[in-house]
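Below you'll find the structure, written out as structure tokens, and then a few comments.
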Amino acid sequence: MKLSALPSSLDAVVADLLVVCVIPREVQAKGSKTPEKKGRPVTIGDIDRRLGGEVLPALKRGEFVGEPGASFTIGWTRDSAIKSVLFYGAGAKGKTEMDRFSSYRALGSAIARSAQCLKATRVSVSSHHLDLVNEDNLIAFLEGLYLAGYRFDTYQTDKKSEPTVIEEVVILGAKRLPDRAVDRARAMTGGTALARDLINMPPNECTPPHIVKVAREVASAGKLKIQVYDKAQLKKMGANTLLAVSHGTSEPPFLVKMTYVPAKKSSKTKVVSIVGKGITFDSGGLCIKPDTGMESMKADMSGAAAVIGIMKAIAVLKPSVEVRAYIPTTENMINGHAMRPGDIVTSMSGKTVEILNTDAEGRLILADALTMASRDGCDICIDLATLTGACVVALGLSCAGLFTDDDKLAQGILAAAEKSGERYWRMPLITEYRELLKSKYADMKNIGIRWGGSITAALFLKEFVSDCSWAHLDIAGPADTDKDVEHLRPGGVGFGVRTMVRYILAQ
Ligand code: BES
Ligand code: ZN
Ligand code: ZN
């Protein structure tokens with residue numbers, strides 16, 4: 001997609017789709033008296049005048065009043081240089097900064113969706129009512145444009161037609177677009193698309209070896225260091241909680257470590273570690289899940305997918321901090337070697353864990369990865385995991401749980417999330433619940449009680465983190481979606497990628 005700015009008027013527009021933002025007052029007007037001036041962005045009044053005063057009455061008949069987020073499309077017949085016009089209600093639906101960014105993202109999404117319907121490849125957007133010189137606004141707008149245009153049809157053999165790809169977007173009435181914002185939007189949506197692809201792939205193809213293959217591709221394209229620990233090495237390292245989960249499957253387990261080192265590294269350079277749960281399919285193991293909905297457990301590697309997507313973006317955007325990614329990956333299946341309720345294993349940290357529920361496997365594979373990240377030494381460690389159904393019960397399908405003891409880290413993540421439009425809600429790490437993890441036989445068990453299940457899961461992870469500020473993001477709710485609105489498409493969301501990249505860039 002070619003992006004450019006053009007300080008020009010309606011006469012110069014050549015586009016399949018022209019987008020013009022409006023406010024109610026302009027729609028209700030009888031017509032526009034302000035003459036077109038070179039350089040002034042195109043308004044609805046200009047278009048009404050050009051089409052002989054027929055546009056405003058048509059909009060009124062269509063009951064379009066121009067409220068924020070509403071849209072109305074007309075076919076343009078008098079002028080072959082412009083094929084259709086999309087009028088879009090300017091302004092945010094609420095008063096917060098997040099609402100403002102979301103409105104830009106929604107506009108970008110509406111344009112992508114409308115271009116798809118109209119098969120428009122050349123799009124011009126009037127900057128009337130828009131402030132696209134503001135970097136965060138522009139990034140949000142471009143996020144919508146790229147993310148809503150996402151398709152996953154690899155496994156559909158009867159594709160009716162090739163999807164339309166927008167070739168160029170011209171911002172009318174802008175002098176120039178900030179390059180840095182364009183680069184950031186491209187990298188973040190590119191990383192998100194990679195995560196979505198991985199989540200959407202079927203679990204018979206997106207296996208642990210496939211995760212490794214994609215991580216290697218990202219590392220070699222982005223010149224990142226990569227180490228892949230296989231079963232034999234994991235045994236030597238004593239990664240027994242990760243290995244315990246892998247016993248029940250014939251797929252080999254792995255722990256992938258990827259490293260981005262900034263060009264100007266000193267002893268003061270901050271190190272941020274990110275850890276992603278990579279269960280490529282969670283059957284529940286012997287504590288097997290019910291059949292309804294089990295297919296959704298192919299998304300149980302969404303944390304790992306996000307981490308790979310983040311590294312892809314980081315490799316391009318080159319922040320000033322060092323970033324290390326840890327991806328433990330295996331299936332949670334059942335065979336004659338599967339872990340049993342009652343098994344006790346010694347984790348890499350040396351702590352023994354009594355496995356009382358084989359479906360609480362995410363925390364087992366994360367335990368060893370968090371131990372490794374802590375031992376490698378870092379300032380900040382953030383894990384992303386589709387960890388508990390309890391978190392979905394607490395916060396619903398659109399919101400992730402944020403667990404941390406560090407207020408500054410919480411605020412940093414929430415500030416980044418405000419710009420990305422992802423919802424996170426801070427959850428409490430209630431220390432008195434730690435005793436719910438006490439085991440009769442081992443140092444701890446892998447489950448607490450039903451109540452507060454997302455908190456006991458977070459407290460379990462905390463046992464394996466040392467000497468850094470740590471945050472746990474439980475993304476079980478928002479990792480995938482059935483929605484097909486704004487920038488979301490049904491399937492994997494790539495949740496966490498854009499927030500984490502923003503967070504890392506702000507360090
Ligand atoms: N992968 C699931 C959590 C999950 C649930 C993700 C719903 C996405 C949507 C996790 O491994 C799991 O099964 N957790 C159990 C833990 C319980 C056994 C303590 C759960 O939440 O029921
Ligand atoms: Zn599970
Ligand atoms: Zn799981």
Side-chain angles (χ1 to χ4, degrees), residues 199-200 203 206 208 211 241-242 244-249 251 253 275-306 327-334 338-343 353-369 383-401 403 427 433 436-439 444-461 472-482 491-496:
I199 300 165
N200 289 335
C206 184
I211 297 275
T241 46
L242 166 56
V245 178
S246 76
H247 285 155
T249 171
E251 288 291 341
V275 182
K277 172 177 172 181
I279 296 290
T280 58
F281 189 74
D282 183 9
S283 72
L286 282 171
C287 307
I288 194 167
K289 287 183 182 292
D291 55 0
T292 29
M294 198 197 270
E295 72 284 352
S296 71
M297 282 302 131
K298 72 171 185 176
D300 212 18
M301 34 56 75
S302 298
I327 303 150
T329 179
T330 177
E331 272 188 322
N332 188 22
M333 300 286 275
I334 308 173
M339 58 179 172
R340 295 153 283 256
D343 282 0
V353 178
E354 183 185 15
I355 297 165
L356 286 181
N357 193 314
T358 62
D359 198 10
E361 84 300 336
R363 61 197 79 182
L364 294 174
I365 69 164
L366 289 169
D368 286 335
D383 74 76
L384 296 95
T386 47
L387 203 63
T388 66
C391 197
V392 191
V393 173
L395 300 174
L397 289 168
S398 312
C399 185
F403 299 79
M427 298 281 279
Y433 294 174
L436 298 170
L437 294 171
K438 279 189 180 152
S439 156
M444 56 204 290
K445 46 185 186 165
N446 77 330
I447 50 166
I449 55 170
R450 184 171 170 214
W451 317 115
S454 70
I455 302 172
T456 39
L459 289 169
F460 181 92
L461 298 181
H472 157 57
L473 309 177
D474 193 332
I475 60 168
D480 59 358
T481 187
D482 291 332
V493 171
F495 193 91

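We count ligands from 1, going down the list as the structure has it; atoms in each ligand are counted the same way.
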Nearest atoms (heavy-atom pairs only) where Ser283 meets Met294: O-CE, 3.8 Å
For Pro478 against Val493, the heavy-atom pair lying closest together: O-CG2, 3.3 Å
Main chain of Ile365, side chain of Asp368: is a donor-acceptor contact present, judged purely on distance under 3.5 Å? no
With Lys277, the side chain to side chain donor-acceptor pair (under 3.5 Å) member among Asp282, Thr329, Asp383, Asp300: Asp300
Looking at Lys298 and Asn200, would you say the former's side chain and the latter's main chain have a donor-acceptor pair under 3.5 Å? yes
Is a side-chain donor or acceptor of Thr358 paired with a backbone partner of Leu286 at a separation under 3.5 angstrom? yes
Expected contact list for ligand 1 at under 4.0 angstrom, heavy-atom basis, is Lys277, Asp282, Lys289, Met297, Asp300, Asn357, Asp359, Glu361, Arg363, Thr386, Leu387, Thr388, Gly389, Ile447, Ala476
Please check if the side chain of Thr456 supplies one atom and the backbone of Gly453 the other of a donor-acceptor pair under 3.5 Å. yes
For the student: nearest non-hydrogen atoms of Gly494 and Ile199, plus distance: N-CD1, 4.0 Å
2.8 Å shell around the Zn ion (ligand 2), exclusive bound, protein N/O/S atoms: 4
Tell me which one of Ile355, Ile279, Asn332 satisfies side-chain contact (heavy atoms from CB on, under 4.5 Å) with Leu364. Ile355
